[in-house]
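Right, one structure below, let's go through it.
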Amino acid sequence: MDKVNGRSLRLAGIAEAAAIYQADKSQTRRLLARDDAPRPIDTIAAGPIYDREDLEHHAATRTRSPGRPKKDKEHLPVHLDDDHPMWATHDGGSGHDGPEWNLTDHTQAVAYYQALSKPAQEIFDYLRATPGRLVSCDEIVERFNLNSDGTKNNPNVLAGYMNTTGPARKESGRRFPFHWWKADGGANYAVKQSVADLFSAALKAEAPAQ
């Protein structure tokens, strides 16, 4: 990955920017049109591309107009380190009963992954591709076009596609490898860095040699 000022460059489009700002795409486009907003580093057919770190910094430091009350969701962190206290305040309930995942659980990780439906695998892959990032229900549904006509409730749609995560958890003998928290209009999801590393190593080892 290219580097800027000695750091790795992480890219974000409008969907990722909307998750960072905890806003819908229309609101996000209006935010990014302001003079103080980060400038795109490039534009492709899908739209402008931004430096994710610039967006995260802007989202963390921007202020709201006087007289408008702040909403609780604006206090959510953009990224959770593995030791962040928010992991312990999840809304996953009994899905997080049982042993925590550790880096030696290769067999359990493969068993969990193989017990997922194909759509659930793709959603989990999407979450673990950006460990620690809070990913909204709406972002996931839009990313995989799960509600193409827009007539259904996004949280219910996503729950339907994730219905194999319960049996997969039992198959692995471990808790859910992802966390979720209730949010306005749905939920936010995230995977710990250590869990993402575990699954990457386990699935790579399991893959047939080319």
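- With Y50 as the partner, the side chain to side chain contact (heavy atoms under 4.5 Å, CB included) test is satisfied by one option alone out of L32, I41, D42, I20: L32.
- For D138, the salt bridge (Lys or Arg N to Asp or Glu O under 4.0 Å) test picks out no residue, with sequence neighbours left out.
- Every residue two or more places apart in sequence or in another chain that forms a salt bridge (Lys or Arg N to Asp or Glu O under 4.0 Å) with R133 is listed here: E139.
- Legend: residues meeting side-chain hydrogen bond (donor to acceptor under 3.5 Å, both in side chains) with T43, ordered by chain and number and at least two apart, are absent.
- N102 meets the side-chain hydrogen bond (donor to acceptor under 3.5 Å, both in side chains) test with T104, D105; sequence neighbours excluded.
- Shown here for P48 and P40, the closest heavy-atom pair between the two residues is CB-CB, 3.8 Å.
- Within the structure, salt bridge (Lys or Arg N to Asp or Glu O under 4.0 Å) contacts touching residues 156-172 (residues at least two apart or in different chains) do not occur.
- Remark: the backbone N or O of F178 is not paired with any side-chain donor or acceptor of H90 at under 3.5 angstrom.
- Each of V191 and L80 belongs to its own hydrophobic cluster when Ile, Leu, Val, Met, Phe, Trp and Tyr are linked at side-chain heavy-atom distances under 4.5 angstrom.
- A salt bridge does not link E122 with R143: none of the charged nitrogens is closer than 4.0 Å to a carboxylate oxygen.
- Note that the CD1 atom of I140 and the CD1 atom of I123 stand 6.5 Å from one another [nearest 0.5 Å].
- Residues satisfying the salt bridge (Lys or Arg N to Asp or Glu O under 4.0 Å) test with R52, not counting sequence neighbours, are none.
- Panel note: side chain N147, backbone N154; no donor-acceptor pair is recorded below 3.5 Å.
- A chain of hydrophobic side-chain contacts below 4.5 Å, direct or via other Ile, Leu, Val, Met, Phe, Trp or Tyr residues, connects V157 to Y189.
- In this structure, D51 contributes its side chain and E53 its backbone to a donor-acceptor pair below 3.5 Å.
- Separating the CG atom in L146 from the CG atom in L158 is a distance of 7.0 Å, to the nearest 0.5 Å.
- Counting only residues at least two apart or in different chains, ring-ring contact (aromatic ring centres under 6.0 Å, His included) contacts with residues 134-153 comprise Y126-F144.
- If you take CD on E56 and NE2 on H79, they are separated by 7.5 Å, rounding to the nearest 0.5 Å.
- No donor-acceptor pair under 3.5 Å is formed between the side chain of S148 and the backbone N or O of N145.
- Note that CG of L11 and CD1 of I49 are 6.5 Å apart. Values are rounded to the nearest 0.5 Å.
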Report all side-chain donor-acceptor pairs from residues 196-204 shorter than 3.5 Å, counting only partners two or more places apart or in another chain.
residue, atom, partner, partner atom, Å
D197, OD1, Q193, NE2, 2.9
S200, OG, R128, NH1, 3.4
S200, OG, A196, O, 3.0

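- Remark: Y113 pairs with no residue by the ring pair (Phe, Tyr, Trp, His ring centres under 6.0 Å) rule, at least two apart or across chains.
- If you chain together hydrophobic residues whose side chains sit under 4.5 Å apart, Y21 and V141 never meet in one group.
- For V195 against P177, the heavy-atom pair with the smallest separation is CG1-O, 3.4 Å.
- In this structure, CD in E206 is found 5.5 Å from CD in Q114, a value given to the nearest 0.5 Å.
- For Y161, there are no side-chain hydrogen bond (donor to acceptor under 3.5 Å, both in side chains) partners two or more places apart in sequence or in a different chain.
- In terms of heavy atoms, P38 sits closest to D54 at CG-O, 3.7 Å.
- A cation-pi contact links K192 to W87, judged by a cut-off of 6.0 Å to the six-membered ring centre and 45° from its axis.
- Checking side-chain atoms of D82 against main-chain N and O of S194 turns up a donor-acceptor pair under 3.5 Å.
- Contacts of E16 classified as salt bridge (Lys or Arg N to Asp or Glu O under 4.0 Å), with partners at least two apart in sequence or in another chain: none.
- Here the straight-line distance linking atom CH2 of W180 with atom CG of L127 works out to 14.0 Å at 0.5 Å rounding.
- Remark: the backbone N or O of G92 is not paired with any side-chain donor or acceptor of W181 at under 3.5 angstrom.
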Next on the checklist: For R175 and W101: C-alpha separation, side-chain torsions, deciding distance, then whether side chain to side chain contact (heavy atoms under 4.5 Å, CB included) applies.
Outcome noted: CA-CA 7 Å; R175 61 183 60 187; W101 293 90; 4.0 Å; yes

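- Formation of a donor-acceptor pair under 3.5 Å by the D91 side chain with backbone atoms of K182 is found in this model.
- Taking D97 as the reference, nothing meets the side-chain hydrogen bond (donor to acceptor under 3.5 Å, both in side chains) condition, with sequence neighbours excluded.
- Between the side chains of S136 and N188, no donor N or O sits under 3.5 Å from an acceptor N or O.
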